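Lettering follows sequence order; numbering is per chain, from 1. The figures that follow rest on heavy atoms only: side chains count, while hydrogens, waters and symmetry mates do not. All values derive from a computational prediction rather than experimental measurement.
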2 protein chains.
Amino acid sequence: MITENQYFDGNVKSLGYETTEGKSTIGIINPGEYTFGTAQKEIMHVIEGELFAQLPGETEWKSIKAGSSFEVAADSSFKVKASVQTAYLCQYR
Amino acid sequence: MITENQYFDGNVKSLGYETTEGKSTIGIINPGEYTFGTAQKEIMHVIEGELFAQLPGETEWKSIKAGSSFEVAADSSFKVKASVQTAYLCQYR
């Protein structure tokens, strides 16, 4: 099954699927700033575009360009900002 | 705007967006075999999973694993097969 999800009034949309190593989603983030909560550990990869991420406990915004990734621990929250539509892969594992 | 598309009875779903270089979609392909037509040139990247592609005019099936890509000319058709749910990026440019 391919699940469809949307958040923040449709400014973030994703499609969910299963791999042999765990669940993943791919999605698009519209320009803007968003706060996400994690239930489990997430590995976020930028596929196209660029994200700026403020990770749990940090004040600095870090640039994550296409081809780069960052990890977020379970049960935490993080912020992302995008200035262009940005495609990402999120791996829950 | 993030567009939502589905094909083949929901066995292929994608999200469309714009980049400064042209349109792109990211999507998921369920296990199965599908024939796609192209209106313009497409660059297909496998993000997670694996596709087997039969390109226009070819009889051989080529494996495209995560991190690899293939190109398809405009106004042609190609076949893809997947044995696991596979995530892709398609760049129209």
Side-chain angles (χ1 to χ4, degrees), chain A residues 1-34 36 41-52 63-71 80-93, chain B residues 1-34 36 41-52 63-71 80-93:
Chain A
M1 207 176 81
I2 305 169
T3 59
E4 299 172 42
N5 316 287
Q6 54 173 290
Y7 312 95
F8 306 108
D9 295 323
N11 281 307
V12 176
K13 293 185 183 178
S14 70
L15 298 170
Y17 59 104
E18 299 275 350
T19 78
T20 49
E21 283 110 46
K23 290 191 183 210
S24 293
T25 61
I26 52 170
I28 308 297
I29 296 178
N30 272 344
E33 184 178 323
Y34 312 93
F36 291 93
K41 187 185 146 200
E42 299 185 6
I43 309 168
M44 287 276 288
H45 303 260
V46 175
I47 295 171
E48 201 168 36
E50 179 178 13
L51 289 181
F52 295 87
S63 156
I64 299 99
K65 293 186 198 294
S68 295
S69 63
F70 60 96
E71 291 190 18
V80 296
K81 283 195 291 200
S83 58
V84 295
Q85 285 193 307
T86 295
Y88 69 88
L89 161 68
C90 182
Q91 297 171 310
Y92 301 91
R93 62 198 61 155
Chain B
M1 206 177 82
I2 304 170
T3 60
E4 299 171 42
N5 316 286
Q6 53 172 290
Y7 312 95
F8 306 108
D9 295 323
N11 281 307
V12 177
K13 292 185 183 178
S14 71
L15 298 170
Y17 59 104
E18 299 275 350
T19 79
T20 50
E21 284 110 46
K23 289 191 181 208
S24 293
T25 60
I26 52 170
I28 308 298
I29 296 178
N30 272 343
E33 184 178 323
Y34 312 93
F36 290 94
K41 187 185 146 198
E42 298 185 6
I43 309 168
M44 287 276 289
H45 303 261
V46 175
I47 295 171
E48 202 168 35
E50 180 178 12
L51 289 181
F52 294 88
S63 156
I64 300 99
K65 292 185 198 294
S68 296
S69 62
F70 59 97
E71 291 190 18
V80 296
K81 282 194 292 200
S83 58
V84 296
Q85 285 193 306
T86 296
Y88 68 88
L89 162 67
C90 182
Q91 297 172 310
Y92 301 91
R93 61 199 60 154

Under 3.5 Å donor-acceptor, K13(B) side chain and I2(A) backbone: yes
Check: E18(B) side chain, Q85(A) main-chain N or O, donor-acceptor pair, under 3.5 Å: no
Option that, when pairs with chain A are counted at under 4.5 Å, heavy atom only, ranks first among N11(B), I28(B), N30(B): I28(B)
Chain B contact via T86(A) - side chain, backbone, both or neither, heavy atoms under 4.5 Å: neither
CD1-CG distance between I26(A) and L89(B), expressed to the nearest 0.5 angstrom: 9.0 Å
Distance, nearest 0.5 Å, that separates CD of E4(B) from CD of Q6(A): 6.0 Å
